[in-house]
A.B. asks: 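Take a look at this one; I'll ask things after.
Quick note on labels: first sequence line is chain A, next is B, and so on, each numbered from 1.
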Amino acid sequence: MAAHSRPVSAVVAVLSLFRKVRHKRQRLSVAEKSRSPHDEARTPPCEGPCSRLPITPSPQRSIYFLSPQDHPVRLGPEFFDQPAVALARALLGQVLVRRLADCTELRGRIVETEAYLGPEDEAAHSRGGRQTARNRGMFMKPGTLYVYIIYGMYFCMNVSSQGDGACVLLRALEPLEGLESMRQFRSSLGKGAAGRALKDRQLCSGPSKLCQALAIDKSFDQQDLATDGALWLERGTPEAAVVAAARVGIGRAGQWVHKPLRFYVRGSPFVSVVDRTAEQTQA
DNA sequence: CCAAGGATAATCT
DNA sequence: GATTATCCTTGGT
């Protein structure tokens, strides 16, 4: 245990490691600040007039969480406890709500999803039963979020479903409320500031676009969509006109590439990719 | 069409 | 530990 007896080279190595780690930390914190100014908003204190916590549906039916039809507004744990395909379909029409640190609420109606079935699904991160620190959320209880970074700069948001390693990717929203905040998040986080204002349909029409628009980042990974204070789901209008199409962006996944595991609201201008062929075969 | 971005996981020594 | 190929995307030609 005599530290002073270690070879000098080992001490030097340790010191240089510390230096590297510190540099990396600094780079990360700078990147986070420039990229996502509302990071700390994930678990907002929200004291004052806007504090309506807890948001979880309470047994004694608070008026805040009941729709005019006397249904709880917030979707609870039981909603997420269904197989991936069923959940992917059921999510269409539901409303995703994001509350920022300043208690601003952003709302978007889900219009496009993709189901990832688990170990047998060659396009899923859980293919072959792979379970890592990154995709742990896929294996956690239904309703758990799996948020990951893609292409080094974007986030994708998944909701765990029933079934080991199965989940649903949220691909597009119809913006309902807080459009100006969404526009800001989308343009300030984008590249050059030279761009003009984004059209409404450009705000959330893609898995990473919706994450940008709602300021959803890695801090939401493994959080519970049924109980989280900054992100939740509200019951919307059920959607009947649903198109089933092949999933997007999955390269070599064999036969899984063609399976109709993407679902979207027919005719919605807020969908990221429309599949005319699929629409024709599904009159 | 293509390049940007960096974390991640597989594949090595 | 180090190296490399990949990636559930997007925005701009």
A.B. asks: Nearest-Å distance, CG (A/Leu145) to C1' (C/dC8)?
C.D. replies: 16 Å
A.B. asks: Tell me which nucleotide among B/dT8, C/dC8, C/dT10 gets nearest to the side chain of A/Lys218.
C.D. replies: B/dT8
A.B. asks: Just N and O in the side chain of A/Arg186: are any of them under 4.0 Å from OP1 or OP2 of C/dT10?
C.D. replies: no
A.B. asks: Find which nucleotide of DNA chain B each of A/Ile150 and A/Asn135 is nearest to by heavy atoms, and output the residue with the more 5' nucleotide.
C.D. replies: A/Ile150
A.B. asks: Please list, chain by chain and in numerical order, all residues satisfying salt bridge (charged side-chain N to carboxylate O under 4.0 Å, His left out) with A/Asp275, sequence neighbours excluded.
C.D. replies: none
A.B. asks: Should A/Arg171 be listed as having a side-chain N or O under 4.0 Å from OP1 or OP2 of C/dT9?
C.D. replies: yes
A.B. asks: Could you state the atom-to-atom distance from CZ of A/Arg134 to P of B/dG6 in whole Å?
C.D. replies: 17 Å
A.B. asks: Could you provide the dot-bracket string of DNA chain C, using ( ) for intrastrand pairs, [ ] for crossing pairs and | for bases paired to another strand, with Watson-Crick or G-U pairs below 3.5 Å?
C.D. replies: |||||||.||||.
A.B. asks: So which residues get pulled into A/Val248's cluster when ILVMFWY side chains under 4.5 Å apart are joined, directly or through others?
C.D. replies: A/Val273
A.B. asks: Can you list, pair by pair, the side-chain donor-acceptor contacts under 3.5 Å of residues 75-86 of chain A, counting residues two or more places apart and other chains?
C.D. replies:
from	atom 1	to	atom 2	distance (Å)
A/Asp81	OD1	A/Gln162	NE2	3.0
A/Gln82	NE2	A/Phe79	O	2.8

A.B. asks: Looking only at the side chain of A/Ile149 (C-beta and beyond, no hydrogens), which of the listed nucleotides C/dC8, B/dA7, B/dA10 gets closest?
C.D. replies: B/dA7
A.B. asks: To the nearest Å, give me how far apart CG (A/Leu210) and C1' (C/dT10) are.
C.D. replies: 13 Å
A.B. asks: A/Tyr148: what forms a ring pair (Phe, Tyr, Trp, His ring centres under 6.0 Å) with it, not counting sequence neighbours?
C.D. replies: A/His125, A/Tyr146
A.B. asks: How close or far is atom C1' of C/dT9 from atom CD1 of A/Ile216, stated in whole angstroms?
C.D. replies: 16 Å
A.B. asks: Figure out the NE2/P separation between A/His125 and B/dA10, and round it to whole Å.
C.D. replies: 11 Å
A.B. asks: Please report the distance, rounded to the nearest Å, between OH in A/Tyr151 and C1' in B/dC2.
C.D. replies: 12 Å
A.B. asks: Report all side-chain donor-acceptor pairs from residues 165-179 of chain A shorter than 3.5 Å, counting only partners two or more places apart or in another chain.
C.D. replies:
from	atom 1	to	atom 2	distance (Å)
A/Arg171	NE	A/Glu112	OE2	3.0
A/Arg171	NH2	A/Ser272	OG	3.1
A/Glu177	OE1	A/Arg107	NH1	3.4
A/Glu177	OE2	A/Arg107	NH1	3.3

A.B. asks: Please tell me if the side chains of A/Asp224 and A/Lys141 come closer than 4.5 Å, counting only heavy atoms from C-beta onward.
C.D. replies: yes
A.B. asks: Would A/Arg109 pass as a cation-pi partner of A/Phe270, given that its NZ or CZ must be under 6.0 Å from the six-membered ring centre and within 45 degrees of the axis?
C.D. replies: no
A.B. asks: Choosing from C/dC8, C/dT10, B/dA4, which nucleotide comes nearest the side chain of A/Lys209?
C.D. replies: C/dT10
A.B. asks: Are A/Tyr116 and the base of C/dC8 stacked, counting only ring centres nearer than 5.5 Å and planes tilted under 30°?
C.D. replies: yes
A.B. asks: Quickly work out the A/Glu112 CD to C/dC8 P distance and round it to whole Å.
C.D. replies: 15 Å
A.B. asks: What integer distance in Å separates A/Phe263:CZ from C/dC8:C1'?
C.D. replies: 15 Å
